[in-house]
Amino acid sequence: MTAPRVAWSVVIPAFNEARRLPPYLEEIIAFFDGRGEPYEVIVVDDGSRDGTAERVRETAGAAPVRVIPLAGNEGKGAAVRHGMLAAVGAFRMFADADGATPISELKRLEAALVAGAEVAIGSRVVRDPAVAVVARPHRVLAGRLFNGVVARVGLPDVGDSQCGFKAFSARAAETIFGKLRTRGFGFDVEVLMLARFYGFRVAEVAVNWSDKPGSKVGVFKTGPGMFWEILRARVRMARR
Ligand SMILES: Nc1nc2c(ncn2[C@@H]2O[C@H](COP(=O)(O)OP(=O)(O)OP(=O)(O)O)[C@@H](O)[C@H]2O)c(=O)[nH]1
Ligand SMILES: [Mg+2]
């Protein structure tokens with residue numbers, strides 16, 4: 001007998017998320033238990049030093065949750081890549097550990113995939129009266145500036161490259177994450193460049209999103225490295 005096919009894989013990159021991840025993981029498990037479809041959660045523990053992996057295992061109990069431990073702190077892009085390449089679901093998504101987007105929003109991405117998109121990206125920019133985005137003003141401004149740069153490096157149609165809530169068909173996930181090289185926070189941009197390069201249909205979908213305390217990302221701390229990463233990704237794409 002073949003194992004039941006996994007409908008959804010949810011990959012969560014986690015760096016010192018012992019506090020923020022367990023409540024989100026509970027939400028995810030309850031959501032999928034309610035659906036009654038086979039699923040898997042893959043937490044990629046990116047060298048956490050706060051007991052993230054232990055807390056995840058305690059929270060998961062018998063639920064289909066795997067932890068992939070990385071030896072050191074490789075970066076969010078590297079962690080998501082490891083998780084997406086280990087995933088086996090028919091649809092595969094990654095989600096931020098802080099639960100800024102409720103897992104039930106997956107239905108919006110799923111609708112886009114079922115309608116024929118191969119990549120469905122959550123967006124805090126696309127307007128939709130059915131969703132609410134609660135964000136700190138300086139992050140909204142930083143996001144606007146960043147998305148202006150993203151447009152100039154060859155993604156003019158993308159409104160919000162950085163939302164940590166993106167879903168893929170199995171085929172798109174294998175192709176894109178097989179080629180992804182960006183290891184840090186700039187990886188979303190290379191993911192979208194690769195999606196475009198390989199001709200995958202991308203749908204940008206409004207999702208509910210609310211800022212969660214405990215962010216590890218700062219405009220000045222993380223921003224410059226991200227610019228550098230997307231410039232390097234742009235050069236790699238030009239060579240293809
Ligand atoms: N693998 C890895 N993941 C990280 C690292 N730093 C943060 N993350 C993960 O990246 C995701 C987003 O991190 P946050 O701290 O929520 O970032 P944020 O500033 O809230 O970003 P927004 O939610 O977009 O505002 C979470 O799943 C984190 O665990 C890191 O060094 N490595
Ligand atoms: Mg966050």
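Just so you know, ligand 1 is whichever comes first in the structure, and atom 1 is the first atom listed for that ligand. In this text the structure is predicted, and so the values were computed from the model without any measurement.
When all heavy atoms of G83 and I42 are compared, the closest pair comes out as O-CD1, 3.8 Å. The heavy-atom pair separating V119 from A195 by the smallest distance is CG2-CB, 4.2 Å. Summarising the geometry of F15 relative to K216, their closest heavy-atom pair is O-CE, 2.7 Å, with the distance given to 0.1 Å.
The ring-ring contact (aromatic ring centres under 6.0 Å, His included) pairs that include a residue from residues 69-102 are W8-F91, F94-F187, where partners are two or more places apart or lie in different chains. Listed by first and then second residue, the salt bridge (charged side-chain N to carboxylate O under 4.0 Å, His left out) pairs involving residues 125-147 are R136-D211 (not counting sequence neighbours).
Residue D211 does not count as close to the Mg ion (ligand 2), with no N, O or S atom under 2.8 Å.
When the Mg ion (ligand 2) is compared with the N/O/S atoms of D98, atom OD2 turns out nearest.
Listed by chain and number, the residues in a side chain to side chain contact (heavy atoms under 4.5 Å, CB included) with A79 are P13, V44, D46, L70 (sequence neighbours excluded).
Heavy-atom neighbours of K179 NZ from other residues, nucleotides or ligands within 6.0 Å: at or below the threshold of 12.
Near ligand 1, residues P13, A14, F15, E17, R20, D46, N73, G75, K76, A79, D96, A97, D98, R124, R139, F185, W209, S215, K216, V217 each place a heavy atom inside the 4.0 Å sphere around the ligand atoms.
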